[in-house]
Q: 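What follows is a structure written as structure tokens; I'll ask about it next.
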Amino acid sequence: MKLTNFVSADAIRASFSSAMSSMYRTEVPAYGTLLSLVAKVNAQTLAASPELRHRLEQTDTLDRISEERHGAIRVGTAAELSMLRRAFTIMGMYPVGYYDLSEAGVPVHSTAFRPVSDAALKVNPFRVFTSLLRLDLISDATLREEASRTLERRQIFSGNAISLIEKAEADGGLDADEATQFVREVLETFRWHDRASVSGELYNRLHDAHRLVADVVSFKGPHINHLTPRTLDIDAVQELMPAHGISPKAVIEGPPARACPILLRQTSFKALEEDVSFHNAEGQWESGSHTARFGEIEQRGIALTPKGRALYDQLLAKSREVVRPAADGSNADDYLSELARVFEAFPDDWNSIREQGLGYFRYSVAECFPQNSLSSREASNIAALVAMGAVRFDPIVYEDFLPVSAAGIFQSNLGDDTKQNFTASPSQQEFESQLGAAVLDEFAHYESLERASIDACLRHFKPVALAS
């Protein structure tokens with residue numbers, strides 16, 4: 001029996017992430033400018049904050065900062081979503097979380113494909129926020145039917161990509177040559193196509209229903225609509241973008257700037273208006289334009305517990321009851337001021353966040369702590385170990401997304417000046433059926449990471465705890 005040396009899922013994901021970044025830099029040159037700017041700000045931030053650098057080094061997460069990025073795509077059918085899941089599985093990426101964006105005026109529901117283990121995240125943390133179009137939210141029945149027929153006619157994966165996915169599933173992996181082919185073939189699914197698959201007349205009607213509907217339905221495939229590097233200081237990047245020829249959106253989405261970052265903050269540069277061609281009634285190509293692709297930046301903070309997330313949602317809603325950010329940025333200062341004021345109710349030091357059960361932390365044994373100074377009772381109590389300095393705690397990075405923030409990015413970059421209203425209609429069971437798998441519950445996952453770190457610490461001190 002021939003033994004096959006399969007390429008690891010982590011290595012395939014790293015290769016795919018690199019290929020995607022290279023392709024997007026070619027297609028959207030401003031993305032390359034953004035990467036350079038983020039790298040510069042990150043270097044300056046680390047130089048100015050030895051404490052931050054030390055924490056990232058201690059948690060073995062410093063190197064991944066430069067590799068960190070996420071992509072976002074939008075697909076049109078359950079079959080497309082299911083095949084994407086199968087492709088991402090080969091890259092060690094699994095669906096985490098369910099997001100209903102209809103409540104924020106965007107007719108999609110979504111999940112995030114990403115690595116989930118600490119080891120996999122440290123190799124390459126690439127993630128793809130993936131949205132499935134919900135034609136059921138479009139009121140025009142005739143338009144729904146035309147869009148559905150258009151989507152059913154397309155195949156977003158090449159025959160070779162499908163064959164390689166099936167081979168990996170059957171054999172349990174891919175060898176080096178097959179992995180190289182797999183990356184090359186699947187990358188084509190995400191490539192930009194400047195020729196629409198619909199007429200200009202149908203495109204305009206789809207566009208009038210919702211710009212995102214036109215983006216999903218009108219083209220050969222789900223072109224990557226943005227890639228997102230991770231910054232350590234998003235406010236600095238936002239301020240510097242205009243000087244680098246990049247026009248940022250008016251308001252950073254998510255929580256305000258804090259000493260102890262929570263969840264996720266995102267900003268972006270405005271979507272590009274790009275030349276495309278449409279079929280006319282005579283079957284000829286005629287010129288037009290389409291706006292969809294943009295560049296995004298993110299700053300990640302601590303993952304919050306259900307209690308912490310409830311407080312975050314409450315405070316965000318409270319601030320937006322007073323000032324809702326306008327798409328044109330006309331009330332940006334008022335909104336940011338109110339946001340900062342309201343979020344004073346959320347503790348802004350790590351120990352308070354931990355003691356109040358608002359965030360998830362990773363616990364580790366402190367170096368050079370004299371174990372003989374512990375009593376057996378103290379050695380078996382994590383709170384006592386932390387209080388004595390025998391155990392340190394570090395925030396667990398939030399690896400996922402925020403529906404309101406994602407919708408805010410979508411809306412501002414699609415050029416919508418007013419929010420479009422859809423009836424909020426979460427349907428996780430339907431989404432999982434179309435996906436072909438259950439999504440991982442993010443809260444349960446973060447809790448398991450925290451619990452495992454606590455258990456590891458208690459095992460370390462177990463001999464002391466058992467001592468008479």
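Along the sequence shown, residues are numbered consecutively beginning with 1.
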Q: Going through the distances and angles, do R86 and S82 end up as a side-chain hydrogen bond (donor to acceptor under 3.5 Å, both in side chains)?
A: CA-CA 6 Å; R86 294 167 65 187; S82 179; 5.6 Å; no
Q: Are the side chains of L132 and H109 in contact, using a 4.5 Å heavy-atom criterion?
A: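 Yes, at least one pair of side-chain atoms sits under 4.5 Å.
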Q: Yes or no on side-chain contact (heavy atoms from CB on, under 4.5 Å) for T130 and F88, after CA distance, side-chain angles and deciding distance?
A: CA-CA 11 Å; T130 303; F88 284 136; 4.1 Å; yes
Q: Is S21 reaching over with its side chain to a backbone N or O of S17, donor-acceptor style, under 3.5 angstrom?
A: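 Not a single qualifying donor-acceptor pair exists.
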Q: Are E188 and S158 close enough that a side-chain donor and a side-chain acceptor fall under 3.5 Å?
A: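 Per modelled atom types, E188 and S158 side chains form no pair under 3.5 Å.
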Q: May I ask you to check whether T231 and N42 show a side-chain donor-acceptor distance below 3.5 Å?
A: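 Yes.
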Q: Take S197 and K220, measure what side-chain contact (heavy atoms from CB on, under 4.5 Å) needs, and give me the verdict at the end.
A: CA-CA 6 Å; S197 53; K220 180 180 179 181; 5.6 Å; no
Q: Nearest 0.5 Å, please: how far is CG in L137 from NE2 in H210?
A: 10.0 Å
Q: Give a yes or no on this: more than 12 heavy atoms of other residues, nucleotides or ligands lie within 6.0 Å of atom CD of E169.
A: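 Result for CD/E169: enclosed.
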Q: Below 4.0 angstrom, N of the basic side chain to O of the carboxylate: do K167 and E178 qualify?
A: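 So K167 pairs with E178 through a salt bridge.
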Q: For E432 and Y98, test the side chains for any donor-to-acceptor distance below 3.5 angstrom and give the result as yes or no.
A: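 No pair is found: no donor N or O on one side chain lies under 3.5 Å from an acceptor on the other.
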Q: Whether the R154 and T150 side chains hold a donor-acceptor pair (N or O, under 3.5 Å, no angle test) is what I'd like checked.
A: no
Q: Are any side-chain N or O atoms of Y398 and backbone N or O atoms of F401, one a donor and one an acceptor, separated by less than 3.5 Å?
A: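 Side chain of Y398 to backbone of F401: a pair is present.
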Q: Are side-chain heavy atoms of N160 and Q181 found at a separation under 4.5 Å?
A: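 Contact flag for N160/Q181 side chains = no.
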Q: Does K122 pair with D118 as a salt bridge, N-O distance under 4.0 Å?
A: no
Q: Using 4.0 Å as the upper bound for N to carboxylate O, is an ion pair formed by R309 and D313?
A: yes
Q: Quick one: pull up CD1 in I252 and CG in L264 and give me the separation to the nearest 0.5 Å.
A: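 Rounded to the nearest 0.5 Å, the CD1-CG separation comes out at 11.5 Å.
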Q: Spell out, as yes or no, whether a donor-acceptor pair under 3.5 Å connects the side chain of T111 to the backbone of G97.
A: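 Yes, because the side chain of T111 sits within donor-acceptor range (under 3.5 Å) of the backbone of G97.
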Q: What is the minimum heavy-atom distance between R85 and L435, and which atoms define it?
A: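 R85 and L435 have their closest heavy atoms at NE-O, 2.7 Å.
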Q: Does R211 form a salt bridge (Lys or Arg N to Asp or Glu O under 4.0 Å) with D215? I'd like the steps, not just the answer.
A: CA-CA 6 Å; R211 289 173 182 245; D215 183 57; over 6 Å; no
Q: Any heavy-atom pair between the side chains of W192 and V28 that's under 4.5 Å?
A: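 Not touching, per the 4.5 Å side-chain cut-off.
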Q: Rounded to the nearest 0.5 Å, what's the gap from OG on S433 to CD on Q428? Could you check?
A: 12.5 Å
Q: Quick one: does any side-chain atom of R205 pair with a main-chain N or O of L143 as donor and acceptor, under 3.5 Å?
A: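 Side chain of R205 to backbone of L143, a donor-acceptor pair under 3.5 Å: no, none is there.
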Q: What is the minimum heavy-atom distance between F157 and A87, and which atoms define it?
A: CE2-CB, 4.4 Å
Q: List the atom of L339, the atom of P255, and the distance in Å for their closest heavy-atom pair.
A: CD2-C, 4.0 Å
Q: With heavy-atom distances below 4.5 Å as the criterion, would you say the side chains of R230 and V397 are in contact?
A: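 Yes, their side chains come closer than 4.5 Å.
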Q: Testing the basics here: between A257 and D235, what is the closest heavy-atom pair and its distance to 0.1 Å?
A: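 Minimum heavy-atom separation between A257 and D235: CB-OD2, 3.5 Å.
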Q: Just by modelled atom types, is the A120 backbone N or O under 3.5 Å from a matching donor or acceptor in the R13 side chain?
A: yes
Q: Would L336 and V251 count as a side-chain contact (heavy atoms from CB on, under 4.5 Å) here? Give the steps.
A: CA-CA 8 Å; L336 293 174; V251 170; 4.0 Å; yes
Q: Would you compute the distance between atom CG of L206 and atom CZ of R144 and round it to the nearest 0.5 angstrom?
A: 13.0 Å
Q: To the nearest 0.5 Å, how far apart are CG in D140 and CG in D208?
A: 10.5 Å
Q: Could you check if a side-chain atom of H290 sits within less than 4.5 angstrom of a side-chain atom of F219, using non-hydrogen atoms only?
A: yes
Q: Quick one: do the D10 and S8 side chains pair a donor with an acceptor below 3.5 Å?
A: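 S8 and D10 do not have a side-chain donor-acceptor pair below 3.5 Å.
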Q: Mark yes or no for whether S218, through its side chain, and Y203, through its backbone, hold a donor-acceptor pair below 3.5 Å.
A: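 It does not hold such a pair.
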Q: Answer whether the closest heavy-atom distance between the side chains of Y24 and F190 falls below 4.5 Å.
A: no
Q: Under the side-chain contact (heavy atoms from CB on, under 4.5 Å) criterion, do E296 and H70 qualify, and how do the steps go?
A: CA-CA 9 Å; E296 184 176 300; H70 86 252; 3.1 Å; yes
Q: Hey, could you give me the NZ/CG distance between K40 and L240, rounded to the nearest 0.5 Å?
A: 6.5 Å
Q: Between T228 (side chain only) and I297 (backbone N and O only), is there a donor and an acceptor less than 3.5 Å apart?
A: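 Answer holds: no.
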Q: Check for a donor-acceptor pair, side chain of R300 on one end and backbone N or O of D400 on the other, with a separation under 3.5 Å.
A: yes
Q: With no hydrogens and no angle check, is any side-chain donor or acceptor of T45 less than 3.5 Å from a backbone partner on V41?
A: yes
Q: Going by heavy atoms in the side chains, are F16 and N124 under 4.5 Å from each other?
A: no
Q: For V217 versus L151, what's the shortest heavy-atom pair and its separation?
A: CA-CD2, 3.9 Å
Q: Ignoring hydrogens and geometry, is there a side-chain-to-backbone donor-acceptor pair from S22 to A19 under 3.5 Å?
A: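 No.
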Q: Does any part of the side chain of M91, heavy atoms only, come nearer than 4.5 Å to the side chain of F126, both counted from C-beta?
A: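 A side-chain contact under 4.5 Å is absent here.
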Q: Using every non-hydrogen atom in the two residues, find where L101 and S110 come nearest and quote the distance to one decimal.
A: CD1-OG, 4.1 Å
